[in-house]
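The block underneath contains the structure these notes are about, expressed in structure tokens.
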Amino acid sequence: DDVWTDHHAKMFCSLPQSGESGSVVMLTPRIEGLLGSGRPGSLVGEHVLGSFSDADGETLLRSSVGAAGWQFDDNAKAVLSACDRLPLAIAIVAGGITVDGPHQSWADVNRAVQSMEAETVVERAIDFNLASLDPTIRELYLELSIFPEDVWIPLGVLEVYCPHTPVGAVQELSARRLLAIRGDTAFAEIRLHDLQRAYVRDRTSAAQQQDLHGRLLSNYQNRIGGSH
């Protein structure tokens with residue numbers, strides 16, 4: 001699990017053989033062919049779990065508050081196809097359909113999703129979602145790139161990192177399914193899915209990340225009363 005790119009998969013392809021049978025690795029992605037396991041001599045076996053069915057995808061897409069009352073039509077089915085029926089992509093698109101937002105029908109959503117030019121379906125879904133997000137909150141989202149993988153980030157840390165960011169911004173990102181949040185408000189923690197984290201890191205240069213790390217350290221230093 002948590003293998004999303006061919007780069008990661010190649011690490012498994014280089015595992016040493018042992019005895020007659022050698023090493024046996026089975027990975028379970030939802031993205032068929034991602035691992036390139038069809039190559040002759042590959043030691044990696046790929047068992048694709050499969051995409052959502054139309055019914056599964058419809059249920060997830062209909063969960064959008066902004067799409068309440070919309071008839072699920074051919075445009076909605078086209079949105080599912082544009083997401084390759086991947087649950088994460090569908091959820092992010094659904095999160096980007098907001099009440100009083102720019103999209104008033106499945107046709108609007110379909111046109112917007114199809115117009116995104118990102119390389120992967122998840123990146124296109126995030127692009128679609130962020131396009132209608134307040135620029136300040138969008139900037140905050142990209143600045144989450146400095147935090148490590150598979151780590152829950154306490155809201156208190158985020159408040160030091162971005163002192164002027166209201167809790168409402170984090171709640172907005174959660175409602176849009178751009179991050180996960182858990183815990184009571186005073187002790188809440190947030191976390192990005194691996195592919196969401198990859199998205200924000202790809203859009204933040206090394207120099208920008210260095211500056212952001214410096215800002216976090218400087219803010220902590222100011223909080224404790226200067227240098228030591």
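Worth knowing before you read on, the calculation uses all heavy atoms, side chains too, and leaves out hydrogens, waters and symmetry mates.
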Under a 4.5 Å cut-off applied to non-hydrogen side-chain atoms, are [X] and [Y] in contact?
| X | Y | result |
| --- | --- | --- |
| Phe72 | Leu80 | yes |
| Val157 | Phe147 | yes |
| Trp106 | Asp74 | no |
| Leu61 | Val79 | yes |
| Tyr199 | Leu142 | yes |
| Gln196 | Leu144 | no |
| Arg223 | Val160 | yes |
| Cys162 | Glu143 | yes |

Would the distance check show the side chain of [X] and the main-chain N or O of [Y] forming a donor-acceptor pair, the cut-off being under 3.5 Å?
| X | Y | answer |
| --- | --- | --- |
| Ser64 | Ala94 | yes |
| Glu117 | Gln114 | no |
| Arg124 | Cys83 | no |
| Asn129 | Ile92 | yes |
| Ser63 | Leu60 | yes |

Look up atom [atom1] in [X] and atom [atom2] in [Y], then write down how far apart they are to the nearest 0.5 Å.
| X | Y | atom1 | atom2 | result |
| --- | --- | --- | --- | --- |
| Leu178 | Leu130 | CG | CG | 5.5 Å |
| Leu88 | Ile90 | CG | CD1 | 9.5 Å |
| Leu179 | Leu173 | CG | CG | 5.0 Å |
| Thr204 | Asp211 | OG1 | CG | 11.5 Å |

Point to revise | Closest non-hydrogen atom pair between Ala169 and Leu140, with its separation | key: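 Nearest pair, atom of Ala169 first, then Leu140: CB-CD2, 4.1 Å.
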**Study point:** Pairs meeting criterion salt bridge (charged side-chain N to carboxylate O under 4.0 Å, His left out) with involvement of residues 170-190, two or more places apart
**Key:**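 Output for this query lists Glu172-Arg176, Arg182-Glu189.
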**Study point:** Ring center gap for Phe128 and His103 short of 6.0 angstrom
**Key:**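 When the ring centroids of Phe128 and His103 are compared, they turn out to be within the sub-6.0 Å range.
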**Study point:** Salt-bridge present (Asp150, Arg191; N to O < 4.0 Å)
**Key:**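 Yes.
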**Study point:** Salt bridge Arg85-Asp54, side-chain N to carboxylate O under 4.0 Å
**Key:**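 Here Arg85 pairs with Asp54 in a salt bridge, since their nearest N and O are under 4.0 Å apart.
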Practice item. Indicate if Ile181 and Val151 have the same hydrophobic cluster label, given that clusters are the connected sets of ILVMFWY residues with side-chain heavy-atom separations under 4.5 angstrom. Key: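 The answer is no; the residues belong to distinct hydrophobic clusters.
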Check your understanding: Taking only residues two or more places apart in sequence, or in another chain, which ones meet Asp108 in a salt bridge (Lys or Arg N to Asp or Glu O under 4.0 Å)?
Key ->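 In terms of salt bridge (Lys or Arg N to Asp or Glu O under 4.0 Å), with neighbours along the sequence ignored, Asp108 is linked to Arg111.
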Point to revise | Pair Ser205-Gln208, side-chain donor/acceptor within less than 3.5 Å | key: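 Yes, side-chain donor-acceptor contact under 3.5 Å.
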